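Below is one structure, written out as structure tokens; the observations come after it.
We count ligands from 1, going down the list as the structure has it; atoms in each ligand are counted the same way. The structure presented is a predicted model; accordingly, all values stated were derived computationally and were not measured. Both backbone and side-chain heavy atoms feed into the values below; hydrogens, waters and symmetry mates do not.
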Amino acid sequence: MSKKPGLTVLAGPTAVGKGTVSTYIRDHYPEVWLSVSATTRPPRPGEIDGVHYYFKSKEEFDALVAAGELLEWAVVHGQNTYGTLKSTVDAAIAEGRSVLLEIDLQGARQVKKAVPDAQFVFLAPPSWEELVRRLVGRGTESAEEQQRRLETGKVELAAEPEFDHTVINDDVRRAADELVSLMGLTPRPH
Ligand code: 5GP
């Protein structure tokens with residue numbers, strides 16, 4: 001029996017395509033309230049403050065942590081810090097919206113402690129070989145960084161049993177539709 005909560009957390013290994021699936025949902029399912037995280041990462045070309053992330057300095061981020069304003073936060077890939085703003089998520093849930101967090105595994109574990117009745121969805125690659133192909137094919141990381149992320153990926157894949165559901169990202173649209181179904185929404189005919 002699937003949970004039909006206000007809050008769904010999507011996590012999964014590096015390079016599995018969480019960002020692509022959540023972008024698809026942002027573009028095609030406006031009824032889903034997709035949380036906008038705070039991050040110390042600098043914006044990439046085309047990214048808009050307040051739409052893709054709230055871009056913060058390290059000092060601003062530390063102040064959010066100190067003020068207890070984050071539902072969860074984590075350093076991702078040992079580089080930048082990312083976190084979910086508690087007040088915006090609480091407000092969306094209070095409004096009865098279907099809320100989606102797309103966060104890393106460490107963050108998902110923190111949310112599980114804070115909100116145990118949320119729904120936790122693991123986005124998995126069709127196979128380990130496909131995950132390697134996506135990570136290497138992306139071409140944005142050095143060979144050394146790729147190796148490091150693959151090691152992390154192995155550990156991350158082992159976390160699947162901690163989740164309520166697994167969605168396989170074999171096709172972005174199909175995976176997004178399955179995810180919105182799990183959120184209790186009706187997928188659009190395409
Ligand atoms: P990117 O820098 O490519 O946008 O995201 C890098 C990673 O940060 C992704 O794995 C994404 O899931 C994770 N991430 C984004 N926002 C948050 C957040 O608010 N909390 C946590 N824990 N991870 C996040």
Side-chain angles (χ1 to χ4, degrees), residues 7-27 32-58 60-65 67-93 99-115 118-125 131 134-142 145-146 148-160 162-163 166-167 169 172 175-176 179:
L7 180 62
T8 297
V9 176
L10 180 69
T14 180
V16 73
K18 297 189 294 286
T20 320
V21 170
S22 60
T23 299
Y24 186 92
I25 287 178
R26 179 189 285 123
D27 292 345
V32 172
W33 189 88
L34 187 59
S35 171
V36 179
S37 299
T39 183
T40 60
R41 166 166 83 58
R44 296 183 185 131
E47 283 185 335
I48 300 162
D49 188 44
V51 175
H52 299 93
Y53 283 104
Y54 295 106
F55 296 101
K56 302 286 179 192
S57 67
K58 175 128 189 17
E60 288 168 335
F61 197 98
D62 289 348
L64 290 174
V65 174
E69 292 193 25
L70 300 180
L71 174 60
E72 59 74 35
W73 65 275
V75 177
V76 179
H77 300 310
Q79 282 169 339
N80 296 298
T81 313
Y82 298 79
T84 303
L85 293 158
K86 203 186 287 179
S87 57
T88 59
V89 169
D90 284 349
I93 293 172
V99 173
L100 180 63
L101 309 185
E102 183 261 292
I103 59 179
D104 90 319
L105 211 56
Q106 312 165 71
R109 289 184 174 129
Q110 293 173 42
V111 178
K112 198 161 184 179
K113 285 207 181 106
V115 194
Q119 169 167 254
F120 294 85
V121 179
F122 191 80
L123 191 67
L131 188 66
R134 286 180 194 176
L135 185 51
V136 173
R138 194 155 73 171
T140 44
E141 286 87 20
S142 66
E145 178 64 18
Q146 282 174 6
R148 214 165 61 80
R149 291 194 182 198
L150 284 177
E151 290 304 319
T152 310
K154 262 188 217 154
V155 176
E156 289 173 333
L157 272 181
E160 185 184 341
E162 298 172 33
F163 285 73
T166 294
V167 169
N169 189 16
V172 171
L179 179 61

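A distance of 10.5 Å separates CD of E156 from CG of L150, quoted to the nearest 0.5 Å.
At a 4.0 Å heavy-atom cut-off, ligand 1 touches V76 through the side chain alone.
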Checklist entry - Could you go step by step and tell me if E47 and R41 meet the salt bridge (charged side-chain N to carboxylate O under 4.0 Å, His left out) rule? => result CA-CA 11 Å; E47 283 185 335; R41 166 166 83 58; 2.9 Å; yes
Next on the checklist: The test is side chain to side chain contact (heavy atoms under 4.5 Å, CB included); show your working for L7 and V111 and say whether it passes.
Outcome noted: CA-CA 10 Å; L7 180 62; V111 178; 4.2 Å; yes
Checklist entry - Is there a side chain to side chain contact (heavy atoms under 4.5 Å, CB included) between L179 and T8 once you walk through the steps? => result CA-CA 9 Å; L179 179 61; T8 297; 4.3 Å; yes
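With sequence neighbours excluded, the residues forming a side-chain contact (heavy atoms from CB on, under 4.5 Å) with T88 are W33, L85, listed by chain and number. In this structure E69 satisfies the side-chain hydrogen bond (donor to acceptor under 3.5 Å, both in side chains) test with no other residue, sequence neighbours excluded.
Close approach to A74 involves these atoms of ligand 1, each under 4.0 Å from a residue heavy atom: 22 (N). Applying the 4.0 Å criterion to heavy atoms of G107 picks out, from ligand 1, the atoms 22 (N). Near T84, meaning under 4.0 Å from any of its heavy atoms, are these atoms of ligand 1: 19 (O). Ligand-side atoms of ligand 1 in range of Y53: 1 (P), 4 (O), 5 (O), 15 (C), 16 (N), range being under 4.0 angstrom from any heavy atom.
In terms of heavy-atom proximity, N169 sits nearest to V16 at ND2-O, 2.7 Å.
Of the listed options E102, H77, E156, E102 places a heavy atom closest to atom 12 (O) of ligand 1. When the options E72, R44, E47, R41 are ranked by their closest heavy atom to atom 20 (N) of ligand 1, first place goes to E72. Scanning S37, S35, P42 for the heavy atom closest to atom 19 (O) of ligand 1 points to S37.
Comment: R148 does not engage E151 in a salt bridge, judged by the lack of any side-chain N to carboxylate O separation of less than 4.0 angstrom.
Inclusion of W73 in the set of residues having an N or O under 3.5 Å from an N or O of ligand 1 is not warranted. Among the atoms of G83, some N or O lies under 3.5 angstrom from an N or O of ligand 1. At least one N/O-N/O distance between K18 and ligand 1 falls below 3.5 Å.
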